Amino acid sequence: MKESLLHDKGEYSFSTCWNIRRQSGGRAMIEEIAELGFRRVELNYNVTTEMLKEIEPMIERGEIGISSVHNTFPHTPDPDYGTDSVLLGFEDEARRRKAVELLVRSAEYAHRYGAEAVVVHPGEVPIPHADVKHLEKLYHEEGRESDVYRKAWASFIERRESEADGYVKRIISSLDEVSNLAASKGLNVRFGIETRSRPNQMPTLAEAKTIIDALKGAPVGIWYDTGHAIMMDRLGLYDSVGEMEGLMDHIVGVHIHETIGLSDHWCPYVHSGDPNFYDAYLPMIERAGVKVYELKAACEPEQIHESHRLLLEKLAARKQTG
């Protein structure tokens, strides 16, 4: 592990989404991340119970720490409870209760592993994926300022807003239930509702504030995924920096990655080649209790090291000037 000592990442964590598809075994997956210098990992929603048979002994021996787990955890093959689902907002009561039970299960695993948080995709307005892809196509081909994009976006937003309130209310009820159940079980973890990568998905930053304000005293805050927030800003869903006013005290954790166009999970600063754009998201990273790199498999180790070096330099400079 000499290489890892040279590149010690300290408090920063790293998501298993980077290498889970090329490593079939849990130990190999964790060891490859540890070689990058990360002492902690986020176990993502594709980690299976089979993988955990190899990972749990590593946790128990102190070979790796767990910062967070990503609901639904461990992997649940049913798409109703996958990452792109209505989940906590289901109108059908039986399905909603199952989503609540699965989130509590995720929290039980997180608590057992000493993790600080559970990353939660709370739900979405069930607009067909093809409609969302059409918007993205128009964005790329015509541009956000084009008349055709503006017209399509206005129609989309009208539809989203007309349906969103009921889903928000059910998400609040579900998170209230989850928080009470977690408290009754003595689970010492927080729930971070994640900014998402598609405009029909929840929450927007305004929806996040509504949910968090409704659950005062509950261990629920925002999980600020920087790359996803950038994408939603570019499409026009919200102001990813300006609308964080009022949410800064409620950041549970961050996913650190940059977006090129509408392609996400790239190494900040390195892949975009822009030395300044990502600086706007440094305050969110500073405030987050859990800081997790969530990078795609195409990111090479040296690019990851360089991105982290640049990020630390930027944060250190902010402290000196602040």
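Since this is a predicted model, take the numbers as computed values, not measurements.
Taking the centre of each ring, Phe38 and His7 stay at or above the 6.0 Å mark. Between Tyr109 and Phe73, the distance from one ring center to the other falls under 6.0 angstrom.
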Which atom pairs, donor and acceptor, lie under 3.5 Å between side-chain atoms of residues 129-136 and protein residues at least two apart or in another chain?
from, atom 1, to, atom 2, distance (Å)
Asp131, OD2, Arg159, NH1, 3.0
Lys133, NZ, Glu136, OE1, 3.2

Output side-chain donor-acceptor pairs under 3.5 Å for residues 94-103, partner residues at least two apart or in another chain, one line each.
from, atom 1, to, atom 2, distance (Å)
Arg95, NE, Asp80, OD2, 3.2
Arg95, NH2, Asp80, OD1, 3.0
Arg95, NH2, Asp80, OD2, 3.1
Arg96, NE, Glu93, OE1, 3.1
Arg96, NH1, Ser174, OG, 2.8
Arg96, NH1, Glu177, OE2, 3.1
Arg96, NH2, Glu93, OE2, 2.8
Arg96, NH2, Glu177, OE2, 2.8
Arg97, NH1, Glu177, OE1, 3.3

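The side-chain tip of Arg22 points at the ring of Trp18 from less than 6.0 angstrom away and within 45° of straight on.
Using a 4.0 Å cut-off between charged nitrogen and carboxylate oxygen, Glu32 and Arg27 do not count as a salt-bridge pair. The pair Asp84-Arg198 meets the salt-bridge criterion, since a charged nitrogen lies less than 4.0 angstrom from a carboxylate oxygen.
Between the side chains of Ser263 and Trp266, a donor-acceptor pair is found at a separation under 3.5 Å. Side chains of Gln303 and His271: a donor-acceptor N/O pair is present below 3.5 angstrom, by distance only.
In this structure, Thr204 and Arg160 approach most closely via the heavy-atom pair CG2-NH2, 3.6 Å.
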Exercise. For Arg40 and Glu116, what are the C-alpha separation, side-chain angles and deciding distance, and is it a salt bridge (charged side-chain N to carboxylate O under 4.0 Å, His left out)?
Worked result: CA-CA 11 Å; Arg40 305 202 299 167; Glu116 297 167 56; 2.6 Å; yes
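Between Val120 and Trp223 the shortest side-chain heavy-atom distance does not fall below 4.5 Å. Annotation: side chain of Arg105 is in contact with side chain of Pro74 (closest heavy-atom distance under 4.5 Å). Leu311 places a side-chain heavy atom less than 4.5 Å from the side chain of Leu282. At a threshold of 4.5 Å between non-hydrogen side-chain atoms, the residues Ser85 and Phe90 count as touching.
Ring geometry, His257 versus His265: the interplanar angle falls under 30°, so the pair is classed parallel (tilted spans 30 to 60°).
Separating the CD1 atom in Ile222 from the NZ atom in Lys209 is a distance of 11.0 Å, to the nearest 0.5 Å.
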